[in-house]
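Remember, it's a predicted structure, so these values are computed and weren't measured experimentally. The analysis underlying the following values was restricted to heavy atoms, covering all of them including side chains, and did not include hydrogens, waters or symmetry mates.
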Amino acid sequence: MHEERKRLFGAWLLFALLASQAQAEEVGLDKGVQSEPVGSPHHINGNVGIYSDYLFRGISYGRGRGAFQAAIDYSHESGWFLGLGYTNVNKDAIYGNTYEVDLYGGLKKTFANDATVTAGFIEYYYPQNRHYVGQHPHVAEANIAVDYHQFNLKYSHSLTDWFGVNTVSMGHAMVGNHEMGEGGSKGSHYVEASYTTPLANTGINCVFHVGHQVVKNYYIGNYTDYSVGLNKDFSIGSLKGWNAGISYVAIDANDDWYTAADGYKTAQNKFFGYIRLSM
């Protein structure tokens, strides 16, 4: 079977498994209960969605050609959680890789003042292991987030080089009129904040977001991204858990750095839309 067909088959298999779980839980969904026995400390949830692009912190990894994404999560009432995610990636975005697997987990705790603190990790992994000059593209990050009512603040810190950015792979050179930088990019970080508010009597949520990416030792790669969007929960028949949204994403990244070898600019302002099902 062709590699592309294998990936699509795997993605749709996950979709089918989640959909079959949803069908089995249809009565429970109507009653607002979980598939686990009443009182069980274990919970399994999943989601699948179709997106107009794969945007990673405002940077296009899907080249506007759409993305299919899915995830499945396990959580315990103590606050521990683990998850596995999938998305397709345009082959010209990350060293010729065509899909990404995300492995993540952590601990979430809610305090008496309604503040929730989540400490976790995530690995952006590329099973095809295509790389450039010996530098693999995999990235591991540690993160911490605070949610308080409608506000969210999160900090992510890379424990590895940032998608293979290193003097070994990049060389010491000029990009446009800028010196690119040298050394490793371990320690790159991203800080982001968001605010969500419902629009009265509409069932629509409005989300404002701002984030700032720092690529250690390569200041030319630093940028800030902004977005404002609308989303709405809805049901199709008796199947709940649907959500659709649209947003506008703006980014001030340096085009000299965020331009692919074929001239495609990956950091462009754009509209972004999706529809997904959570179960």
Side-chain angles (χ1 to χ4, degrees), residues 4-40 42-56 60-75 77 81-90 98-102 104 108 116 147 149-150 152 194-209 227-249 270-279:
E4 181 70 21
R5 292 181 179 177
K6 287 182 179 180
R7 290 198 310 276
L8 290 174
F9 176 77
W12 283 110
L13 178 60
L14 178 58
F15 177 86
L17 289 171
L18 291 171
S20 64
Q21 180 188 23
Q23 186 176 21
E25 296 171 10
E26 186 172 325
V27 174
L29 284 169
D30 288 341
K31 296 181 179 179
V33 300
Q34 298 289 334
S35 59
E36 297 81 8
V38 175
S40 173
H42 307 284
H43 305 282
I44 295 178
N45 302 97
N47 65 81
V48 291
I50 297 174
Y51 299 75
S52 61
D53 199 347
Y54 172 23
L55 292 184
F56 181 81
S60 174
Y61 287 168
R63 292 201 167 194
R65 299 176 184 173
F68 175 87
Q69 299 181 357
I72 187 165
D73 304 318
Y74 163 80
S75 62
E77 66 178 11
F81 63 91
L82 290 170
L84 176 68
Y86 165 92
T87 181
N88 57 287
V89 177
N90 186 274
T98 58
Y99 67 105
E100 170 189 301
V101 174
D102 300 332
Y104 53 90
K108 177 185 290 187
T116 299
D147 290 277
H149 296 291
Q150 297 159 274
N152 171 269
S194 62
Y195 173 74
T196 303
T197 183
L199 301 182
N201 304 315
T202 64
I204 297 174
N205 298 308
C206 185
V207 183
F208 301 90
H209 175 271
S227 67
V228 58
L230 301 173
N231 68 73
K232 182 178 175 61
D233 295 326
F234 62 97
S235 302
I236 297 180
S238 61
L239 184 59
K240 302 177 182 179
W242 291 94
N243 180 270
I246 187 170
S247 59
Y248 184 74
V249 181
K270 64 172 58 182
F271 282 99
F272 171 76
Y274 71 88
I275 181 170
R276 67 171 173 247
L277 172 63
S278 298
M279 294 161 283

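Rounded to the nearest 0.5 Å, atoms CZ (Phe68) and CZ (Arg276) are 13.5 Å apart. In this structure, OH in Tyr86 is found 10.5 Å from CD in Glu100, a value given to the nearest 0.5 Å. Summarising the geometry, atom CZ belonging to Phe272 is positioned 10.0 Å from atom CD1 belonging to Ile246; distances are rounded to the nearest 0.5 Å.
The environment of Lys232 atom NZ is dense: over 12 non-hydrogen atoms of other residues, nucleotides or ligands sit within 6.0 angstrom.
Annotation for Ser227 and Val249: closest pair CB-CG2, 4.0 Å, computed over non-hydrogen atoms. Here the shortest heavy-atom pairing between Ala67 and Asn88 reads CA-OD1, 3.2 Å. Shortest non-hydrogen contact noted between Ser247 and Gly229 is CB-CA, 3.5 Å.
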TODO: Please assess Lys270 against Ser60 for the test side chain to side chain contact (heavy atoms under 4.5 Å, CB included), listing each intermediate value before the final yes or no.
DONE: CA-CA 10 Å; Lys270 64 172 58 182; Ser60 174; 3.9 Å; yes
Open item on the list: Let's go through Leu277 and Leu239 carefully: what are the C-alpha distance in whole Å and the side-chain angles of both, what is the deciding distance for side chain to side chain contact (heavy atoms under 4.5 Å, CB included) to 0.1 Å, and is it a yes or a no?
Closed with: CA-CA 9 Å; Leu277 172 63; Leu239 184 59; 4.0 Å; yes
Open item on the list: Test side chain to side chain donor-acceptor pair (under 3.5 Å) on Asn205 and Thr196; report intermediate values, then the result.
Closed with: CA-CA 7 Å; Asn205 298 308; Thr196 303; over 6 Å; no
Task: Verdict with reasoning, Ile275 to Phe234, per side chain to side chain contact (heavy atoms under 4.5 Å, CB included) - done: CA-CA 11 Å; Ile275 181 170; Phe234 62 97; 3.9 Å; yes
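Classified by interplanar angle (parallel below 30°, tilted 30° to 60°, perpendicular above 60°), the ring pair Phe56/Tyr54 is perpendicular. Between Phe81 and Tyr104, the ring planes are tilted. Angles from 30° to 60° get that label.
With Ser235 contributing its side chain and Ser238 its backbone, the two residues share no donor-acceptor pair below 3.5 Å. Side-chain atoms of Asn90 never come within 3.5 Å of backbone atoms of Tyr61 as a donor-acceptor pair (strictly under, hydrogens ignored). A distance-only check finds no donor-acceptor pair linking the side chain of Thr197 to the backbone of Cys206 [under 3.5 Å]. Checked by atom type and distance alone, the side chain of Asn45 never pairs as donor or acceptor with a backbone atom of Asp73 at under 3.5 Å.
Using a 4.5 Å cut-off on side-chain heavy atoms (C-beta onward), Asn47 and Asn243 make no contact.
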